[in-house]
Every structure is written in structure tokens, then in C-alpha cells.
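Below is one structure, written out as C-alpha cells; the observations come after it.
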Amino acid sequence: MENQIIEELYREMGISGPVFRFGQQILRALEERFREIDGVAEYNQLKVVRAMQKNRVSAEHFSGSTGYGYNDSGRETLEKVYADTFHTEDALVRSQITCGTHALALALSANLRPGDELLSISGKPYDTLEEVIGIRPSRGSLAEYGIRYRQAELKEDGSFDFDAIKAALRPETKIAAIQRSKGYLTRPSLSVEQIGEAIRFVKDLRPDIIVMVDNCYGEFVDYTEPSDCGADMTVGSLIKNPGGGLAPMGGYIAGTRECVENCAVRLTSPGLGREVGASLNTLRSLYQGFFLAPTVTAGALKAAVFAANLYEQLGFKVVPGGAEKRNDIIQAVEFGFPEGVIRFCEGIQAAAPVDSYVTPEPWAMPGYDSDVIMAAGAFIQGSSIELSADGPIKPPYAVYFQGGLTWEHARYGILRSLQSLYEHGYVKL
Ligand SMILES: *Cc1c(COP(=O)(O)O)cnc(C)c1O
């Protein structure tokens, strides 16, 4: 009975019988996986609650400040909550950090000086960082300030290449950067365990090197974070996992007192540092979003696992594979032809609560070196903890899918993407 009325409503909302039933069949095999995901969420929920209790979060912390933002106890307490959750000495959590790229650019520029070298030990960094670093010449890049860059590639299987890392170290190497998530690549994302091993390796050789981890999309996916295994800075965006879908903007850097202090003076101004930065009316959503983040992330993980298994069953290459352990919430599906990416995104858009009536099209987005198509009908513009999909229109024509504020909505979105491919004859059921 229940199944019938649900199937009926799905049909009214554009999901045909064969697509619905195919989804049901995939889901039946995922019960155990979903239980594991719930276990991680439970643990992380406790971590967050404990940090909030320890710092005596109370209603007065939600009121926010204006102007200079001096004596903003809500902002200061939120930073302590982040630091305690990530088990770091300190954290900078600010609405003035505009996005993940900005948080990473801040962490780097605040802790590097002319003549220093930045070494990426996880191969090519996320596209937008190419301009931050100056890999692609860009106004204001680190390269313009005399900071050199090199990278140690990952091995064929996506794991760290310890020999290459050792060979790439120079006396000038000041920061070693690691990107946890694959971003727009089809390499596997790195586990916290692998990251910990790499950090130990670097620190054994050179204890003075600062290790920064780009933790975008990785927060609360596992029991531990990179900050639990030696990262000096763990960096991410609040319109991804840790914002829980409620944070309207912002970024965070959790790490050692020294590194975070450098970031604070760089973000505002030498001499002012963390003492300024009005929080306006944002604090309640940053707290509440952080509180919800473990379960929101769990929903997004279930969506990623569901999508992986569904498209793998249909014969497409998916990264990670349906049965693989998750290290972030991104799911890549390689279609091998542009129409696959476009139809998939069309389906995700059509399932959105906001802007469901628009049709996404590829465009030349700033910061990227090819046309990109993006599907998102989000409450917060560009928020990718909300159900979203994007892909550069270049080989191997992979779509990167992530988010979902609720698992139920994400499930509808994935079925809708399949419906779109099915209707255009790209898959047979
Ligand atoms: C999203 C992302 C970034 C950049 O974040 P924006 O908020 O889009 O600027 C950097 N690195 C990784 C791995 C990401 O996923």
C-alpha cells in the first residue's frame, strides 16, 4: 500500500514505473551500507554536541555584531566549537571568508612568504587553485609574490607517491598541501588514514613543514578528520558539509594557534586580526547548520552511494565504485559523451525545490578552463551541500554529483536524472 501511493506520486512527478522499480531494486542491496553511514553520523553528532556543551553555547551567542564587530562572543564561541570538534588549538570561522577557494587562498597566503615554496603532494590541485597559486598566470597569484610551486603526483592507483614526495622537498618548502577530495578529477578521494600516513612521512623528514589539507566535501564523512592526524590547517567551505545547508556563506580554517593567527591577520589586517569582523545576522544559522551537518552529510553520502550503485549497474564507470569506502560526498559518473552530462544535470535541476523550471546549459565559468554545466536549485546560491551536479564539458565527460539536504530529496533527484537519460534513449531498463 505505502509503496503504491509513493510510486503513484513519483509517477505524477515524472518518474516512470521502470525507473522507480530499478531504483527500488538497487536500494534493497544497500541496507547495510546505510547503517554504517548512520553510525558515522551518530558519532559526529555527539562530537558536535559535546563541543557546543563544553563551550556553553547559549541564546546570547546568536545575536551577532555590527560595525567593527569587537567583542563578538557569538563569533568567538563558534570558533571554539569548531576547534573542539576538529580537535585543534584554534579555528577561524568567518562569513568574511567568501568561499572554499578563498579559505584555501587565505591559508596559503597567510603562511607563505616570498622565497618560500608550496608543494602539493596530492598532484594537481582543484581548478580554482591554479589561479591562486599561479599555475595559470593570474593577477595577484602567489607566484606574483615570489612564492614558488611544485607538485608530487599521486601514483597510478591514486595513493601517495612517497618517493616522489621525498624527491620534491626543498629547503624552501614551507607548506605541503593535500587535497582530500578528488574535485573535478576521476582519481579516488583520499582517506583520512592515507592522509595521516602522508603527514607522518613529511613530518618525519621535515618537522618544520606546515601541512594544509583541503577538506572540502570531506567533513563528517568519517569518524576522524585530517586535523586528528597531524594536519596543521584543515580548510573548508561553509556552503558544503559543515554549514549543514543553513550557513548562508563562509569558510573555516581549523589548526594550530600559530597558523590560524597568521590567517586572522591576513584576513582582516595586521594588528587587528581576529578582533574585528562583524557577524551581522549570520551566527544562528552557522551554529544550527553545524549542529545539523553530521546528519545532512549522512544523507548526501547515502545519495552518493545510491547513485554509484545505480549507474554502475547500468554499465557506466563510477568513481568511487558502488562498493567502495567513501572519503567525500562527491560521486563521479563517467558518461563518455557530452549529452550524458547534460541530460543528467537536466534531471537534477528538474527535481529541485527552487528553480526546477529552468534548463541548465554549459557556460564559461570564471576560474575554470573549459565550459561547465551546473545543475542546482538551491536555497543558498551555489551551495553544493544541496543537491547539485556539475561537470566540465571535456573528456571523459564525467558528471560530478553531490549533496542533498535530505536523503529523500536526493533520491528523487537521482531517479529524475535517470529518467532524463532513459527518455532520451541513453539507457535501457
Ligand atoms: C569546492 C572545492 C573547493 C573550492 O571551494 P569553492 O567554495 O567552490 O570556492 C576547493 N577544493 C575542493 C576539493 C572543492 O571541492
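In each ligand, atom 1 is the first atom listed, and ligand 1 is the first ligand listed. Predicted model, so just to flag it, every value in this text is computed and none were measured.
Between F290 and F220, the two ring planes are tilted [angle within 30° to 60°]. Ring orientation note: the planes of Y311 and F335 are nearly perpendicular, at an angle over 60° on the 30°/60° scale.
Applying the 4.0 Å criterion to heavy atoms of Y217 picks out, from ligand 1, the atoms 15 (O). Residue-ligand proximity, T101 to ligand 1, at heavy-atom distances under 4.0 Å covers atoms 4 (C), 5 (O), 6 (P), 9 (O). In the vicinity of L104, heavy-atom distances shorter than 4.0 Å reach the ligand 1 atoms 10 (C). Ligand 1 places these atoms under 4.0 Å from at least one heavy atom of C99: 7 (O), 9 (O).
Annotation: the span from I329 atom CD1 to C216 atom SG amounts to 10.0 Å, rounded to 0.5 Å.
The residue I239 has no part lying near ligand 1, judged by heavy-atom distances below 4.0 Å. Residue contacts with ligand 1, taken as heavy atom pairs separated by less than 4.0 Å, involve D214 solely via side-chain atoms from C-beta onward.
Between atom 15 (O) of ligand 1 and the options K240, Q179, M249, the minimum heavy-atom separation is to K240.
Within the 6.0 Å centre-distance limit, the rings of Y426 and F337 are counted as a close aromatic pair.
Residues satisfying the side chain to side chain contact (heavy atoms under 4.5 Å, CB included) criterion with A298, sequence neighbours excluded, are I37, A41.
For atom 7 (O) of ligand 1, the closest non-hydrogen atom of the protein is G100 N, 2.8 Å.
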Practice task
Go through the steps for K394 and D371 under the test salt bridge (charged side-chain N to carboxylate O under 4.0 Å, His left out), then give the verdict.
Solution key: CA-CA 8 Å; K394 62 181 181 187; D371 279 6; over 6 Å; no
